[in-house]
Amino acid sequence: MSHKPTPYSPNFPQSQGYGPPPEVVKSNENYPMQPQGGYPGPPPGPMLPPGAQPLPGMQTGFQPGFQPGFQPGFQPGFQSGFQPAYASGYPHPQPGYPPPVMQQPAPQGPGGWMTIPQGLSNCPPGLEYLSMIDQLVVHQKVELLEAFVGFETNNKYTVKNSIGQKVYYAVEDNDCCTRNCCGPMRPFDMKIMDNFRNEVIHLHRPLACDSCWCPCWLQSMEVSSPPGSVIGSIEQEWSICKPCYAIKNAAGDVVLRIKGPVCTFSICGDVEFHVYSKDGDTKVGKITKNWSGLAREVFTDSDYFGITFPMDLDVRIKAVLLGACFLIDFMFFEKSGNQESDRPGML
């Protein structure tokens, strides 16, 4: 008696004729069944046309542009686990902190200058630089003739961003008689130029008095950008205890206020002038006169300043704050005949 083959079952012993069916290997399977470690390399054989010689550094059998160890679709520079490797110069964001601002200063241009941002509208020419930064560093150039002889010369400044790229170059425009007769109280015009020596900001300071006993003729400065088009002004407000200023826009409306310390003597430390909202309650930035070293402070009037302001502040008001930094420098930290004019507030 014959019977049909019974399907294999592990419950039946193999000694009685029961066993697993033989494995049938398909002849059309031309790929390995077992996984291989690593990513398969490029197809074997030379990839160059007949008679062509490989270029220096090219390995025979590798396609140009093929990098062993990288899978297609993945860019070099990304670590395992899909964690991006951030470019150098940008800190890795810490947990709980917002992601870094993508509009950082552009790559450094020729001569260490910051490259001008593109694609900005409703912005005076030359103020595009200010749209990408929230901090400026102002360095006054050392004048040897002024340091050793006491002969007053035109002040010159270099304005940089927080990473050391040059943004502007400022030059005082004045005559010899006015500089040496009026000293720090002198009226002046100042030209602020960009990398191409185009005047992008113009400052005008008229002759006035900074004494607290003369409240009707206080210090002021007009800011224009481009030159001839007023974008704002700085006006000193009458105060006995500490210096105070009002930052106004082109329409004459108060936008910000600046309040300085009671004592502006720079003795081995920084002097801070805080920037507040127009109501004077919220602090939004500051203008800092940085301590630049004993020798520099004693023998020269070449000062270091730092200016901080909100990133989203109007570029016109940022330019006015830059002008306020120069006005504060002349009023409190400028020398006349090698005599420092640092003094206590408005007492």
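Note that these values count all heavy atoms, side chains included, but never hydrogens, waters or copies made by symmetry. Numbering of residues begins at 1 and proceeds along the displayed sequence.
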Exercise for review: Indicate yes or no: does Glu237 engage Arg257 in a salt bridge with an N to O separation below 4.0 Å.
Suggested key: yes
Check your understanding: If you measure from the Lys or Arg side-chain nitrogens to the Asp or Glu carboxylate oxygens, is any gap between Glu334 and Arg186 under 4.0 Å?
Key ->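 So Glu334 pairs with Arg186 through a salt bridge.
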Look at the side chain of [X] and the backbone N and O of [Y], then say whether any donor-acceptor pair between them is shorter than 3.5 Å.
{"X": "Glu172", "Y": "Asn154", "value": "no"}
{"X": "Ser131", "Y": "Glu128", "value": "yes"}
{"X": "Thr308", "Y": "Lys286", "value": "yes"}
{"X": "Asn174", "Y": "Pro187", "value": "yes"}
{"X": "Tyr168", "Y": "Gly126", "value": "yes"}
{"X": "Asp175", "Y": "Cys177", "value": "yes"}
{"X": "Asn161", "Y": "Gly164", "value": "yes"}

Review point. Do Lys318 and Phe309 meet the cation-pi criteria used here (NZ or CZ under 6.0 Å from the six-membered ring centre, within 45° of the axis)?
Key: no
**Study point:** Lys160: partners by salt bridge (charged side-chain N to carboxylate O under 4.0 Å, His left out), with sequence neighbours left out
**Key:**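 If we apply the salt bridge (charged side-chain N to carboxylate O under 4.0 Å, His left out) test to Lys160, skipping adjacent residues, there are no hits.
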Practice item. Would you please name every residue forming a side chain to side chain contact (heavy atoms under 4.5 Å, CB included) with Tyr276, sequence neighbours left out? Key: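 Result, side chain to side chain contact (heavy atoms under 4.5 Å, CB included) vs Tyr276: Lys259, His274, Lys283.
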Review point. Would a hydrophobic clustering, with Ile, Leu, Val, Met, Phe, Trp and Tyr connected at side-chain separations under 4.5 Å, put Leu313 with Val137?
Key: no
Exercise for review: Return each pair, listed once, that meets side-chain hydrogen bond (donor to acceptor under 3.5 Å, both in side chains) where at least one residue sits in residues 246-255; pairs must be two or more places apart or across chains.
Suggested key: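 Output for this query lists Glu235-Lys248.
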Check your understanding: Between Phe330 and Tyr157, how do the two ring planes meet: parallel, tilted or perpendicular, split at 30° and 60°?
Key -> tilted
Exercise for review: For the pair Phe333 and Phe273, name the ring-plane relationship: parallel under 30°, tilted 30 to 60°, perpendicular over 60°.
Suggested key: perpendicular
Review point. Are side-chain heavy atoms of Leu322 and Val223 found at a separation under 4.5 Å?
Key: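 The answer is no; the side chains never approach within 4.5 Å.
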